Amino acid sequence: VDLAPLVAQLGSSGVIVDATDRARYEEPARGRRGTAAAVVRPATLEEVRAVVEWARTNQVRLLPQGANTGLVGASTPGVSSNDGEPTVVLSLERLDAGLTVDAGDRVAVVAAGTRLSALNAAAARHDLHLPIDLSADPSLGGMVATNTGGSRVLRYGSLRRHVLGAEVVFADAAVSVVTHLDAVRKDSRGLELPQLLVGSGGALGVVTRVAVALTPVPEATATWWIEPRDEAAVPELLAALEQDPAHGELLSALELLSVGALEAAASHGGEGGGVPFAARRPPVVLLAEWSGPSTAIDGLERLFARLVEAGLANDAVAVPPARSWALRHGVTDALRVRGVVLGHDVATPRRALMAFRADARAAVQALVPRAEVSDFGHVGDGGLHCNVVFPHGIAPPTSAERAAIRGAIEAAVAAHGGTYSAEHGLGPLNAARWRATTPVVEQAVIAAIKRTVDPLGLLGHRDHPYNHASLGSEEKPDRA
Ligand SMILES: Cc1cc2nc3c(=O)[nH]c(=O)nc-3n(C[C@H](O)[C@H](O)[C@H](O)COP(=O)(O)OP(=O)(O)OC[C@H]3O[C@@H](n4cnc5c(N)ncnc54)[C@H](O)[C@@H]3O)c2cc1C
């Protein structure tokens, strides 16, 4: 590809071709590394437009990339992407200037490359935050493109709920820029374009700025670890915590860790025997968080005494929030260190989650008895990371086993009325399932939008479902 016009426009620091310098943009957080023809790093809206114009002229695929923490293979090029169709990574990391916080309106407007941590550091000066909590530090553009969830969806919803506006560059013939950043809280002028970009995975437009609603930072937070009576008691425990008249409204997270996930995180973080209930090794433990006025989160001991007396919990212990979350957020890395991880980001209606979990675990154990199901996740919102681990020292999964495990988990999630992508968005990893299960009319709507905003089909990973040749065709989905 002829990069000279881009070098002239963005300067040499804006265009990376050297293989060593490209490496970190090509290596996904999960999955196999591909190859990019180049990485371009625009620093302004005008430069983003220039890159899109260049891609149209040269018919080159552009892959928007934020912090590259995505987990569905959508932010890095395919393994053989230089065969026939080169991909240029469009990194938004330099597009991070001009953050503004309107404390009175509780709104922030941020450039797409801004990290969540930088937004929250600026918002904290006004006792505000974007209450999305996860162990990675994504960019705001990537968060829009994936509809980030995290641990506090139970109370605050996923990113979609916080998006008030966006500025987007499309790859239509005019390389249009659509700007909706007034951040009006209510607006009923039909469909909202910024919301359409939520979850679009870089395949509809390049998000350059985002307006988000902020929330007051709670005065106090408490975290407790709970040993449920057994796995079947988890839904009842959630209901009891939510219905508690004094504290129910203040519940901000309820996480589940299987024994495998907890022990991996504990040994990875050097916690040794200091983890809650370590000696008894219960099959699952829960981590609950409450946040609000300090006077209101007192009295949790009495709540737990009642839950133990009612036979829903065996035990509960208060652990400081920083330590609790360090342990919880350590799980993903800890499992990766332990061996090969097959991740499955699923959710069901909350009432069905534990039944789904039992079915999925049984199906995986029957298929690959040598693997460990070290699942964990956000039970408070019905989400679970159904991660299957092949520890170092045992045979890694064959590709047939990978496919069989994914198929079994996705079949179980469908049987319980759930979703195969709870919070990680769409990408090559789940494209086949999207095509197989999305009704024809929905695919046709996406195809019409795609044709309007990206008629040459240049944006997003080539294996993103919105880039599939049959998008919107009359092929009948099998609803599997
Ligand atoms: C350790 C770890 C823990 C995680 N925990 C969670 C969790 O609890 N909850 C959760 O929801 N996710 C989690 N994730 C996944 C990940 O952090 C999110 O999906 C995140 O929103 C991705 O943002 P990013 O900036 O890294 O995007 P990238 O990975 O760079 O890109 C992701 C997608 O967004 C597109 N994209 C990026 N920027 C733009 C833009 N400006 N315009 C248009 N498209 C764009 C890309 O093309 C790609 O399709 C975790 C990841 C890791 C590594």
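Predicted model, so just to flag it, every value in this text is computed and none were measured. Indexing begins at 1, ligand by ligand and atom by atom, following the structure's order.
For ligand 1, one of its N or O atoms has an N or O atom of Glu423 under 3.5 Å away. Checked against a 3.5 angstrom limit, the closest N/O atoms of Ser75 and ligand 1 fall inside it. Considering backbone and side-chain atoms alike, Gly66 places an N or O below 3.5 Å from some N or O of ligand 1. Between Thr332 and ligand 1, a contact under 3.5 Å exists for no N or O pair. The shortest N or O to N or O distance between Gly201 and ligand 1 is under 3.5 Å. Distances between N or O atoms of Gly70 and those of ligand 1 include at least one value under 3.5 Å. Annotation: Val207 places an N or O atom under 3.5 Å from an N or O atom of ligand 1; distance criterion only. Between Pro64 and ligand 1, a contact under 3.5 Å exists for at least one N or O pair. By the 3.5 Å distance cut-off applied to N or O atoms, Thr69 is counted among the residues near ligand 1. At least one N/O-N/O distance between Gly149 and ligand 1 falls below 3.5 Å.
Scanning all protein heavy atoms for the shortest distance to atom 43 (C) of ligand 1 gives Gly205 O, 3.4 Å. Atom 44 (N) of ligand 1 has Gly202 CA, 3.2 Å as its closest protein atom, hydrogens excluded (heavy atom only). In terms of protein heavy-atom proximity, atom 12 (N) of ligand 1 is closest to His424 CD2, 3.5 Å. Scanning the protein for heavy atoms near atom 23 (O) of ligand 1, the closest one is Pro138 CB, 3.2 Å. Considering only non-hydrogen protein atoms, atom 1 (C) of ligand 1 sits nearest to Ser135 OG, 3.6 Å. Nearest protein heavy-atom neighbour of atom 6 (C) of ligand 1: Leu134 CD1, 3.4 Å. For atom 38 (N) of ligand 1, the closest heavy atom belonging to the protein is Gly142 N, 3.4 Å. Nearest non-hydrogen protein atom to atom 25 (O) of ligand 1 is Ser139 OG, 2.7 Å.
Ligand 1 places these atoms under 4.0 Å from at least one heavy atom of Ala145: 34 (O), 35 (C), 36 (N), 44 (N), 45 (C). Taking every heavy atom of Leu92 and a limit of under 4.0 angstrom, the matching atoms of ligand 1 come to 41 (N). Which parts of ligand 1 touch Ala74 is read off a 4.0 Å heavy-atom cut-off, strictly below it: atoms 47 (O), 48 (C), 49 (O).
Inter-residue side-chain proximity for Glu255 and Trp325 is flagged as met; some heavy-atom pair is nearer than 4.5 Å. With a 4.5 Å cut-off on side-chain heavy atoms, Leu119 and Val212 count as touching. A heavy-atom distance below 4.5 Å is not found between the side chains of Val275 and Glu263. Contact of the Leu204 side chain with the Lys450 side chain is registered, since non-hydrogen atoms from C-beta on lie closer than 4.5 Å.
For residues 36-55, the pairs satisfying side-chain hydrogen bond (donor to acceptor under 3.5 Å, both in side chains) are Arg41-Glu93, with sequence neighbours left out.
Nearest-residue assignment for atom 32 (C) of ligand 1 (options Asp133, Leu62, Leu140, Thr146; heavy-atom criterion): Thr146. For atom 2 (C) of ligand 1, the choice among Gly460, Ala136, Gly343 with the nearest heavy atom turns out to be Ala136. Between the choices Ala203, Ser91, Ala67, the shortest heavy-atom distance to atom 24 (P) of ligand 1 belongs to Ala67.
Contact annotation: for Arg30 versus ligand 1, there are no heavy atoms closer than 4.0 Å. Only the side chain of Ala112 comes within 4.0 Å of ligand 1, counting heavy atoms alone; its backbone N, CA, C and O stay farther away. At a heavy-atom cutoff of 4.0 Å, ligand 1 is contacted by both the backbone and the side chain of Thr148. Contact annotation: for Leu71 versus ligand 1, heavy atoms closer than 4.0 Å belong to the side chain alone.
When every heavy atom of Asp454 is checked against every heavy atom of Leu459, the shortest pair comes out as OD2-N, 2.9 Å. Scanning both residues, Ser200 and Leu197, for their nearest heavy atoms gives OG-O, 2.7 Å. Between Pro86 and Val1, the shortest heavy-atom contact is CG-CG1, 3.8 Å.
A donor and an acceptor atom, one from each side chain of Ser374 and Asn387, are nowhere located under 3.5 Å apart. A donor-acceptor contact closer than 3.5 angstrom is absent between the side chains of Asp333 and His268. Defined by atom type and a distance below 3.5 Å, a donor-acceptor pair is present between the side-chain atoms of Glu289 and Ser252.
At least one cation-pi condition fails for Arg323 and Trp225: the charged atom is not both under 6.0 angstrom from the six-membered ring centre and inside a 45 degree cone around its axis.
The residues Glu242 and Arg350 are annotated as salt-bridged, a charged nitrogen and a carboxylate oxygen being separated by less than 4.0 angstrom.
His461 places a side-chain N or O within donor-acceptor distance of the main-chain N or O of Thr76, the cut-off being under 3.5 Å. Checking side-chain atoms of Thr223 against main-chain N and O of Val319 turns up a donor-acceptor pair under 3.5 Å.
A heavy-atom separation below 4.0 Å is not found between Gly427 and ligand 1. A heavy-atom separation below 4.0 Å is not found between Gly113 and ligand 1. Remark: distances from the non-hydrogen atoms of His461 to ligand 1 are all 4.0 Å or more.
A 6.0 Å sphere centred on CZ of Arg33 holds more than 12 heavy atoms belonging to other residues, nucleotides or ligands. Within a 6.0 Å sphere centred on CZ of Arg30, other residues, nucleotides and ligands contribute more than 12 heavy atoms.
A search for ring-ring contact (aromatic ring centres under 6.0 Å, His included) contacts involving His385 returns Phe376, His378, His424, not counting sequence neighbours.
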